[in-house]
Each structure stands twice: as structure tokens, then as C-alpha cells.
Amino acid sequence: MTEDTRIDAQRKAELLSTTVEHIDITSFDARPIVDAMKKMSFTSRDLGRATDIYNQMLADKDCTIFLVIAGSTSAGGCMDLYAELLRNNMIDGIVATGATIVDMDFFEGLGHKHYQALEVPHDDVLRSLMIDRIYDTYIDEEELQHVDHTIFEIAETLEPRPYSSREFIREMGKYLVEHGKKENSLVKLAYEHDVPIFCPAFVDSSAGFGLVKHQVDAAKAGKPYMVLDAIADFRELTEIKIKAGTTGLLMIGGGVPKNFIQDTVVCAEILGHDDVQVHKYAVQITVADVRDGACSSSTLQEAASWGKVNTGIEQMVFAEAGSVMPLLASDAYHRGLWKDRPVRKWGASFDKA
């Protein structure tokens with residue numbers, strides 16, 4: 001090891017010295033503060049109403065609840081929060097970005113960590129040290145490349161045919177059961193509890209690198225390869241919506257996952273199911289500005305004009321999700337309305353007879 005290499009390794013170790021600790025919603029009871037916030041104004045009251053709506057979803061035994069995630073809250077400390085919702089039957093399906101599922105959750109499932117950026121040198125310096133930055137959070141690029149190669153290895157074991165993202169993520173969960181280093185992985189728990197995870201833009205993540213390598217290597221060798229079927233994603237998620245009837249959305253961020261789950265209502269109608277309900281309950285937590293005309297920032301009232309969401313039981317909360325989701329989730333956990341919910345296991349509905 002050269003002197004420069006030793007100095008770089010020391011500097012990298014200094015920057016990656018403090019891990020992000022994921023919040024435990026079972027360790028504190030947020031009900032008193034949420035109840036107090038309901039009597040306030042502005043975002044506090046919005047959060048209080050959003051929490052009430054989520055509790056209504058949990059109390060409605062006919063309601064299938066989708067957790068919809070975009071953004072980096074998993075890397076920022078909400079990873080165990082989402083796992084707790086799944087473990088306690090507080091959600092029935094997940095629609096998320098590839099980054100949330102692969103680069104963050106699967107990444108930690110393999111034993112890696114996210115780190116607090118307690119100082120931020122020039123980003124060119126971070127690049128030279130192979131450190132990736134998400135605002136004030138660091139990821140070791142060398143560890144992230146381990147994810148790329150693991151995805152490649154999983155793809156290499158599969159029959160060369162089309163797979164929905166749900167099918168492939170299920171294989172990732174199975175891999176973590178056998179080789180994982182963390183019990184509290186959303187991907188692993190989803191596999192164990194038959195909760196389907198959909199990533200409509202799956203290859204926009206470390207999964208993309210591994211799957212491209214799988215495809216290129218197979219093509220060079222003249223062999224068939226597995227492919228992702230984005231249409232199957234939409235069809236399968238729409239099938240769940242048709243069978244579920246009453247549905248509720250708990251959305252963190254916006255983007256593709258938000259539009260994808262909302263569009264299942266329209267897709268069902270196009271397939272001839274005119275009796276399919278719009279999503280009865282909807283909560284969205286976002287910092288996106290409604291004035292930019294984008295999907296991420298479009299209000300739930302706006303979604304009603306497209307025939308996607310009920311205008312009566314919805315709430316927008318304009319806040320950074322990492323600061324308010326712990327309150328909402330802790331409140332719902334401690335109220336305990338999830339204890340009497342039916343277990344739906346929508347993932348098992350796709351198993352071949």
C-alpha cells in the first residue's frame with residue numbers, strides 16, 4: 001500500500017465513521033403529540049388529519065393498504081419504520097423506486113450501512129474516495145457495487161424468461177433469507193410475509209447494472225437471458241386492485257410509484273371493470289411544490305379529476321417525510337388498530353397452482 005493509498009483509506013474511514021441509526025417506532029408513543037398537533041394549524045394539523053386517515057385505513061377490515069415510497073427516507077433513517085409496518089400487518093403491498101428497494105434496503109440486507117455526513121468536503125474529493133452522497137448521508141460506492149454483483153448473481157440463477165419486478169424482488173428476498181445479514185430488511189420480510197413489492201422503474205438503481213451485465217454476458221455467449229416485463233408489473237398490480245376492492249394509499253414522496261399505483265383504477269376500467277372503486281383513502285407526504293406541474297407535486301384533489309382517488313378522505317402533508325413519518329407510524333402502531341386486520345398475502349395470489 002502506497003502512502004497516498006493509506007492516507008485515502010484513513011480519510012475515507014473518517015468520513016464513514018458514524019452510521020445512520022434507523023428509528024424504532026415501537027420505542028416511543030407519539031399519540032400524545034399527534035393529538036396535540038391536531039389542535040394546531042398549518043402542517044401540524046395536516047399531519048394530525050393524515051394520521052387519522054391512516055388509522056381509518058387500518059380500522060377498515062375491507063381495506064388493502066399500499067405503502068408507496070419515492071425519495072431517500074430509507075437511507076435517512078426510516079428503514080426500520082417501514083419494516084415494522086410490514087411485520088405488524090399494517091401494509092399489504094408496496095410500490096417503490098428501485099433505489100429504495102435495491103440501493104437502500106437490499107444494500108443493508110447484505111450487511112452494509114448508510115453513514116451520516118458530518119462534514120461534506122468537495123464532491124470531487126468524495127468521488128476520488130468512492131463515497132456517494134445523498135444530501136447529508138454517505139454510501140460506500142465499493143459496497144454498492146457489491147449490490148450490483150449480487151443482483152447479477154441472482155439473475156444468473158434464474159430461468160431465462162420474462163419476470164415482473166415483483167417476481168425478481170421475491171427472488172432477492174429469498175436470497176436474503178439464505179445469505180442476508182439483517183433481520184429487519186423490508187425485502188426479506190416481504191418474502192416471508194407474502195407482501196408483494198413492485199418497482200415500476202426497477203432498473204433505475206443498482207439492479208440495472210447487474211441486470212445489464214447479465215444480459216450482455218449471456219448475449220456474448222449466445223445464451224438466452226431473463227428480462228423484466230414492465231407490462232406484467234402494471235397488470236399484476238391492477239389485478240390486486242380489482243380483487244381488493246377498497247384500497248388506501250400511504251405515499252411518501254411522489255414520482256413514478258405514486259402515478260403507477262393511482263393508475264390501476266384507470267387500467268381496471270379499460271379492462272372492462274367499471275365497478276372498480278377509486279382509492280378510498282389517500283395520504284401523501286411530500287416537499288414538492290404544487291406549482292411546478294409535476295406528478296410528484298400534484299395534489300390528491302387533482303388526482304380525483306382523473307378518476308383515481310376519492311376526494312373525501314385524503315390529505316396532503318407538505319413536509320420532509322423523515323421528520324413526520326415517525327410520528328404518524330408510531331401513533332398508528334400504539335393505537336393498535338392493526339391487531340385485528342385480516343392478513344391478505346397478496347404475493348401468494350400469483351403462485352402457480
Side-chain angles (χ1 to χ4, degrees), residues 63-71 91-102 151 155 158-159 161-173 186-187 190-191 194-205 207-208 211 215 225-282 284 294-296 298 300 302-310 344-352:
C63 181
T64 288
I65 302 173
F66 289 99
L67 174 66
V68 185
I69 315 172
I91 55 173
D92 306 299
I94 300 167
V95 184
T97 59
T100 293
I101 297 304
V102 185
I151 294 294
L158 299 180
E159 176 189 351
R161 63 170 178 82
Y163 291 77
S164 67
S165 65
R166 175 200 59 81
E167 286 183 282
F168 191 85
I169 294 166
R170 181 171 171 78
E171 294 295 331
M172 291 165 57
L186 194 65
V187 172
Y191 171 80
D194 281 320
V195 173
I197 301 177
F198 294 88
C199 287
F202 190 48
V203 295
D204 184 21
S205 67
L211 294 177
Q215 191 175 97
Y225 44 80
M226 63 139 296
V227 296
L228 288 177
D229 186 347
I231 300 171
D233 277 350
F234 200 12
R235 173 177 52 77
E236 289 181 357
L237 192 57
T238 301
E239 286 175 7
I240 294 176
K241 172 56 186 166
I242 292 168
K243 294 174 183 176
T246 303
T247 47
L249 309 179
L250 177 59
M251 298 185 287
I252 293 87
V256 174
K258 171 188 175 183
N259 202 55
F260 195 64
I261 184 62
Q262 289 184 341
D263 270 347
T264 56
V265 179
V266 180
C267 188
E269 291 174 351
I270 289 173
L271 293 176
H273 298 272
D274 297 330
D275 58 341
V276 170
Q277 307 172 42
V278 298
H279 297 295
K280 182 175 181 179
Y281 310 94
Q284 184 184 0
C295 172
S296 292
S298 63
L300 295 168
E302 180 180 317
S305 74
W306 294 78
K308 301 175 181 179
V309 175
N310 177 12
R344 289 179 168 79
K345 292 184 177 291
W346 284 116
S349 68
F350 298 102
D351 293 343
K352 294 179 181 179

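Throughout, numbering of the chain's residues begins at 1 and tracks the sequence.
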Interatomic distance, OG@S165 vs CE@M172, rounded to 0.5 Å, equals 10.0 Å
On a heavy-atom basis, the closest approach of L211 and A155 is CD2-CB, 3.8 Å
Beyond-backbone contact of T64 with T246, side-chain heavy atoms, under 4.5 angstrom: no
CZ of R344 to NZ of K243, rounded to nearest 0.5 Å, is 14.0 Å
*asked:* Please determine whether salt bridge (charged side-chain N to carboxylate O under 4.0 Å, His left out) holds for the pair E167 and R161, giving the CA-CA distance in whole Å, both sets of side-chain angles, and the decisive distance to 0.1 Å.
replied: CA-CA 11 Å; E167 286 183 282; R161 63 170 178 82; 3.1 Å; yes
- Answer yes or no: is there a donor N or O on one side and an acceptor on the other, between the side chain of K258 and the main chain of Q284, under 3.5 Å? no
Heavy-atom nearest pair, C63 first then G248, reads SG-N, 3.5 Å
**Asked** Do the non-hydrogen side-chain atoms of I261 and L237 ever get within less than 4.5 Å of each other?
**Response** yes
Interatomic distance, CG@L250 vs CD1@I94, rounded to 0.5 Å, equals 11.0 Å
Could you check whether any side-chain heavy atom of M251 comes within less than 4.5 Å of a side-chain heavy atom of F66, counting everything from C-beta outward?
no
Discussion item. When you compare the side chain of D233 with that of F260, does any pair of heavy atoms fall below 4.5 Å?
Written reply: yes
Problem - Under 3.5 Å donor-acceptor, H273 side chain and V265 backbone - result: no
Is the closest side-chain heavy-atom distance between Y191 and I169 below 4.5 Å?
no
Note, W346 side chain near D194 side chain (heavy atom, < 4.5 Å) = no
Taking C-beta and beyond as the side chain, do S205 and I101 meet within less than 4.5 Å on heavy atoms? no
Heavy atoms of G71 and T100 approach each other most closely as O-OG1, 3.4 Å
- Task: Please assess K280 against T247 for the test side chain to side chain donor-acceptor pair (under 3.5 Å), listing each intermediate value before the final yes or no.
- Result: CA-CA 6 Å; K280 182 175 181 179; T247 47; over 6 Å; no
Shortest non-hydrogen pair, G245 vs Q277, comes out as C-NE2, 3.7 Å
Checklist line | Candidate pair S164 and D229, rule side chain to side chain donor-acceptor pair (under 3.5 Å), full reasoning | finding: CA-CA 5 Å; S164 67; D229 186 347; over 6 Å; no
To the nearest 0.5 Å, atom CG of D351 lies from atom CZ of R170 at 5.5 Å
Determine whether a donor-acceptor pair (N or O, by modelled atom type, separation under 3.5 Å) exists between the side chain of T238 and the backbone of F234.
yes
One should read off an interatomic distance between L249 CG and H279 NE2, to the nearest 0.5 angstrom, of 4.5 Å
Shortest non-hydrogen pair, Q215 vs V227, comes out as NE2-CG1, 4.1 Å
Between A207 and V102 the two heavy atoms that sit nearest each other are N-CG1, 3.7 Å
For this session: Measure the acute angle between the ring planes of F350 and F198, then classify it against the limits of 30° and 60° as parallel, tilted or perpendicular.
Result: perpendicular
request  = Please tell me if the side chains of I252 and L67 come closer than 4.5 Å, counting only heavy atoms from C-beta onward.
outcome  = yes
Determine, for F168 and R166, whether the Lys NZ or Arg CZ falls below 6.0 Å from the six-membered ring centre while staying within 45 degrees of the axis. no
To the nearest 0.5 Å, atom SG of C199 lies from atom CD1 of I69 at 9.0 Å
